[in-house]
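Letters A, B, ... are given to chains in the order of the sequence lines, protein chains preceding strands, and every chain is numbered from 1.
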Amino acid sequence: MGSAIEAKTHKNMPGADKEADLTERIEAFLADLKRGGCGTGPIRGSGETARETTALLRKVTAQARWSSAGDLMEIIRKEGRRMTAAQPSETTVGNMVLRVLKIIREEYARSRGSSEETDQQESLHKLLTSGGLSEENFRQHFVHLKANVIEAINELLTELEGTTDNIAMQALEHIHSNEVIMTVGRSRTVEAFLKDAARKRKFHVIVAECAPFCQGHEMATNLSKASIETTVIADAAIFAVMSRVNKVIIGTQTVLANGGLRAVNGTHTVALAARHHSTPLIVCAPMFKLSPQFPNEEDTFHKFVSPHEVLPFTEGEILSKVNVHCPVFDYVPPELITLFISNIGGNAPSYIYRLMSELYHPEDHDL
Amino acid sequence: ETQTKCGTISLFSHLHQYSRKAPLTQQLSIPSTVIHPSIVRLGLQYSQGIVVGSNARSVALLHAFKQVIRDYTTPPNEELARDLVNKLKPYISFLNQCRPLSASMGNAIKYIKKEISNIPSQFKEEEAKTKLQKCIDCYINENVVLAAKAISKYAIKKISDGDVILVYGCSSLVNHILCEAYDKSRKFRVIVVDSRPRLEGREALRRLVQRGISCTYVLISALSYILPEVSKVFLGAHALLANGYVMSRVGTSQIALVARTFNVPVLVCCETYKFCERVQTDSFVSNELDDPDDLMVTRKGKTQLENWHDVSSLGLLNLVYDVTPPDFVDLVITDLGMIPCTSVPVVLRVKNLEQ
């Protein structure tokens, strides 16, 4: 089974129950990830996935046997590879693993006494004189490293818990009264954002239903329960209605390294229609969705689900003669996006590369 | 007042909201007893969606009018030319209430009225009726059947071997063109794009697959995924407006927009009898609202929008048409030739001069 936790050889020790429990939790988490592969999205939202991943990594840090930072990073990488292999399209899992790795590096550097800034900057001078960080193999043992890492991971968890509220708090700065706002499909972040604004402002929301899974319907019912004037339209009417829309606010599955989006299918059409009408496109995405991937990996970008959602089996006679596609994601290039709203504030798409260098270490980009 | 529910979309409050549940005859101001039975049947077919499509509706209308003319007798002291036109007026408003008239139907009605008023007074009743029926047959033949042949001839020049052609929904003309091209041994494959809630593309898919054309089927939200494979887009039209805008099934403008972004040529196929003198710049001022309950869907046993009528802040919008700006359209193929979108008023003028 290849688990990094050596549960088998230490069955009769008191720590063995905890280790078995951890293995069980990891296996359950992987099973959930695999099941979440159908088009309606994961069983839990991406925020919950991020928190669950981080909690699991914290447990691994606490319970695994390691003596130096390098060992811990190896263990985390191994677990991370297993988790991302279970559901490659769920990028938040990989992002959290990279965050934890960065935390470990930072804590190690702090324990060694060198300041973080000099480590991060890759200057030409450093490259020529010291040969870069390849000399650093994280082999030194520090007593308090474990406690520090776990504390830092706890801070990360607190940050994750507050992301939706942080984003929703900024709503009043972006929505004025009597606006017509368009959104696509269902995003918990956008829902919280709009509900927060609705407490003080009156506006109208148009939701594109996003066939074939029609998650827009659930979004519309939730918004109307908060007394927001909502209208549901079919995907085909997006361009027709766009001339009356003041702002487009959407969520996304992933923010890619170039500032582009991997979002639910239909988003590219919305972005193009918004650009044609010069309507601002605002993306509400928490920082844990930022991924170091670039969009040019042709065979890994798209994810497909069963085409019976598009052409059901009742259309029997023609099914065998027809190709049917049901892609789940769309790529939206960064030129079409006006603003990103995340838990650390608003950013232009051109700034995403900088945020990425603060969150992840370049050597970890390929798990 | 169950039909105009309190949450009707304020942007479209100037348009009539259709509902399939409310029985048709309750809402009409004209009692159906004074209407000719074939017109009543036609009206019901329109409102229930049994006869759909611009060409189909016009041809059905003309056949119904032929029936009306056959059963018509001139009352004493009346001239056929004037009386028949007056007889047709309530029929036309009845049909308009069942479902708003399309541009092609409007043009057909104008033609018939003109033909009726041009009947010389010395014609006997039987002669006049035969002449009118011949005129109607001629109109259908010229503007629908022969026009389709002429358009196919031009369009087939634009289809080359190895093409991947994208079509949207079910346009009788585009289906005809593709079948003709396939019969002339052009090697191409077709991608049919469809959209909820009408899902008309399935009908087009069936017809094309029956002929043996290899097809792919996607929904309109997968457009950005499928467009890089496409070499041409063929679209049908409901009407061509005098300012060059194309009025067609909702979703057409989106397809043209995304195709333009991917640099794929967009060709619109339209007979000249669908050209109309109206001008319109957006899809709001004049449109048709279909039954909003069609948007509801039951997935995994749960219908999310089941009780939308009870929620006052929730509304459903089911548009039928939209207008495509002329800069998204590269070419319009008509029976008079291949013209740019902006030449529509020229064609209208030429046709008016002919008449």
Establish, from distance only, whether the side-chain atoms of A:E179 and A:N246 form a donor-acceptor pair under 3.5 Å. no
With a 4.5 Å cut-off on heavy-atom pairs, point out which of A:M242, A:K321, A:E209 contacts chain B the most. A:E209
Stepwise, does the salt bridge (charged side-chain N to carboxylate O under 4.0 Å, His left out) test hold for B:D322 with B:R249? CA-CA 6 Å; B:D322 73 8; B:R249 187 64 84 220; over 6 Å; no
So, A:Y331 versus A:H268, ring centres under 6.0 angstrom or not? no
Any donor-acceptor pair under 3.5 Å linking the side-chain atoms of B:T303 with those of B:T298? yes
Heavy-atom distances under 4.5 Å only: say whether A:H276 touches chain B with side chain, backbone, both or neither. side chain
Against chain A, residues from residues 217-228 of chain B with at least one heavy atom under 4.5 Å, in numeric order, are B:Y217, B:V218, B:L219, B:I220, B:S221, B:A222, B:S224, B:Y225, B:I226
With a 4.5 angstrom heavy-atom cut-off, could you sort out which part of B:F284 is near chain A: side chain, backbone, both or neither? side chain
Only pairs of heavy atoms separated by less than 4.5 Å count here; which of B:V297, B:N287, B:L208, B:I191 has the most with chain A? B:V297
Counting only heavy atoms not in B:R206 (residues, nucleotides, ligands), do more than 12 fall under 6.0 Å from its CZ? yes
What residues form a side chain to side chain donor-acceptor pair (under 3.5 Å) with B:S102, not counting sequence neighbours? B:S104
Could you tell me which portion of A:T269 (side chain, backbone, both or neither) has an atom closer than 4.5 angstrom to a non-hydrogen atom of chain B? both
Per-residue tally against chain A (heavy atom, under 4.5 Å) across B:L295, B:V258, B:L199 peaks at B:L295
Top of B:S214, B:P197, B:S253 for chain A proximity - count of heavy-atom pairs under 4.5 angstrom: B:S253
When the 4.5 angstrom heavy-atom criterion is applied to B:L319 and chain A, the contacting part is side chain
Interface moiety of A:V180 toward chain B, non-hydrogen atoms closer than 4.5 Å: neither
Which atom pairs, donor and acceptor, lie under 3.5 Å between side-chain atoms of residues 259-266 of chain B and protein residues at least two apart or in another chain?
from: B:R260; atom 1: NH1; to: B:D327; atom 2: O; distance (Å): 2.9
from: B:R260; atom 1: NH2; to: B:D330; atom 2: OD1; distance (Å): 2.8
from: B:T261; atom 1: OG1; to: B:L257; atom 2: O; distance (Å): 3.0

Cationic tip of A:R262 above A:F329 ring, under 6.0 Å, 45° of axis: yes
Hydrogens and angles aside, do A:T91 and A:T254 bring a side-chain donor and acceptor to less than 3.5 Å of each other? yes
Winner by heavy-atom pair count (cut-off under 4.5 Å) against chain B, out of A:V207, A:T221, A:V322: A:V322
Please classify the contact between A:I228 and chain B as side chain, backbone, both or neither, with a heavy-atom cut-off of under 4.5 Å. backbone
Whether the A:H277 and A:T279 side chains hold a donor-acceptor pair (N or O, under 3.5 Å, no angle test) is what I'd like checked. no
Given that the side chain runs from C-beta out, which part of A:D235 has a heavy atom under 4.5 Å from chain B: side chain, backbone, both or neither? both
Rounded to the nearest 0.5 Å, how far does CG of A:L223 lie from NE2 of A:H204? 11.0 Å
Most contact-rich option vs chain B, by heavy-atom pairs under 4.5 angstrom, among A:P212, A:P307, A:C326, A:S243, is A:P212
Between A:V270, A:I206, A:L311, A:V184, which shows the greatest number of heavy-atom pairs under 4.5 Å with chain B? A:L311
Max heavy-atom pair count under 4.5 Å with chain A, selected residue of B:T324, B:N318, B:N307, B:L305: B:L305
According to salt bridge (Lys or Arg N to Asp or Glu O under 4.0 Å), does anything in residues 219-231 of chain A pair up with another residue at least two apart or in another chain? List the pairs. none
Under 30°, 30 to 60°, or over 60°: which ring-plane class applies to A:H325 and A:F304, parallel, tilted or perpendicular? tilted
